[in-house]
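Heads up: the structure comes next, in structure tokens.
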Amino acid sequence: MRALLQLCLLGVLESEGPSYGYALLGRLSAAGLDTVKPGTLYPALTRLAEEGTVEIRWAAGESGPGRKYYSITEKGRSLLGDQRRAWGDFKTTVTALAEGTK
């Protein structure tokens, strides 16, 4: 799961725009990835930010403290494209092996 979390987070941020951690957890859970916990999500987002693939900005909360919003950068979009291609190749190989055609 951890290996694919980066791909999933970048994909959500690209398609849905900037978001904050709790909302990202909800989005992943709604997609069926309800095993992702905050202790896994936030370090992954921190790594993405350190790599320059995600940008962080603080914004005032609606009815509470401020929130960190995460958004994908151009470097993140490039990495996402690379990861999508790699995932497609991996999926094709695994499918072929599982079906006994490779």
Side-chain angles (χ1 to χ4, degrees):
M1 176 56 182
R2 287 184 184 178
L4 297 176
L5 184 57
Q6 181 178 22
L7 172 63
C8 294
L9 289 170
L10 291 174
V12 168
L13 291 172
E14 182 190 52
S15 65
E16 299 179 11
S19 190
Y20 55 96
Y22 186 75
L24 288 167
L25 277 174
R27 178 64 179 91
L28 293 172
S29 180
L33 301 178
D34 53 352
T35 59
V36 177
K37 304 297 180 211
T40 303
L41 176 77
Y42 290 104
L45 288 168
T46 298
R47 281 190 301 278
L48 289 170
E50 289 170 353
E51 293 170 1
T53 55
V54 164
E55 184 175 81
I56 299 173
R57 75 171 170 81
W58 280 93
E62 294 173 16
S63 60
R67 290 184 171 151
K68 277 186 183 179
Y69 279 82
Y70 302 89
S71 57
I72 191 169
T73 64
E74 286 306 313
K75 184 176 180 181
R77 289 186 205 311
S78 176
L79 177 62
L80 178 58
D82 293 344
Q83 287 185 341
R84 282 178 173 156
R85 284 185 289 281
W87 174 252
D89 294 345
F90 178 76
K91 184 172 68 170
T92 299
T93 300
V94 170
T95 299
L97 289 169
E99 293 174 353
T101 59
K102 192 166 191 172

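These numbers come from a predicted model, not from an experiment. Residues: numbered from 1 along the sequence shown.
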- Tell me, with the steps shown, if L28 and L5 meet side chain to side chain contact (heavy atoms under 4.5 Å, CB included). CA-CA 9 Å; L28 293 172; L5 184 57; 3.8 Å; yes
Sequence neighbours excluded and cut-off under 3.5 Å, please list the side-chain donor-acceptor pairs for residues 51-58, or say none.
residue : atom : partner : partner atom : Å
E51     : OE1  : Q6      : NE2          : 3.3
T53     : OG1  : L48     : O            : 3.0

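- Counting only residues at least two apart or on different chains, the ring pair (Phe, Tyr, Trp, His ring centres under 6.0 Å) pairs with a member in residues 70-102 are W87-F90.
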- Message: One pair to check against side chain to side chain contact (heavy atoms under 4.5 Å, CB included): L24 and V36. What are the steps and the verdict?
- Response: CA-CA 10 Å; L24 288 167; V36 177; over 6 Å; no
- Task: For L13 and L80, run side chain to side chain contact (heavy atoms under 4.5 Å, CB included): C-alpha distance rounded to whole Å, both residues' side-chain angles, the deciding distance at 0.1 Å, then the answer.
- Result: CA-CA 10 Å; L13 291 172; L80 178 58; over 6 Å; no
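- Atom-to-atom distance recorded for K68:NZ and S19:OG is 14.0 Å, nearest 0.5 angstrom.
- Applying the side chain to side chain contact (heavy atoms under 4.5 Å, CB included) criterion to P38, with sequence neighbours excluded, gives L25, Y42.
- Looking at residues two or more places apart in sequence or on another chain, you find a side-chain hydrogen bond (donor to acceptor under 3.5 Å, both in side chains) between Y20 and R67.
- Listed by chain and residue number, A96, E99 satisfy the side chain to side chain contact (heavy atoms under 4.5 Å, CB included) test with T101 (two or more places apart in sequence, or in another chain).
- Judged as a salt bridge (Lys or Arg N to Asp or Glu O under 4.0 Å), the pairs with a partner in residues 77-89 (not counting sequence neighbours) are, in order, E14-R84, E74-R77, D82-R85.
- Applying the salt bridge (Lys or Arg N to Asp or Glu O under 4.0 Å) test to pairs two or more places apart or on separate chains, those with a residue in residues 21-41 are E16-R27.
- Distance CG/L10 to OG/S15: 10.5 Å, rounded to 0.5 Å.
- In the hydrophobic clustering of this structure, L41 groups with L7; members are Ile, Leu, Val, Met, Phe, Trp, Tyr whose side-chain heavy atoms approach within less than 4.5 Å, directly or through other members.
- In this structure, CG in L4 is found 8.5 Å from CG in L33, a value given to the nearest 0.5 Å.
- Here NZ of K75 is found 8.5 Å from CG of L79. Values are rounded to the nearest 0.5 Å.
- For T93, the side chain to side chain contact (heavy atoms under 4.5 Å, CB included) partners two or more places apart in sequence, or in a different chain, are L97, K102.
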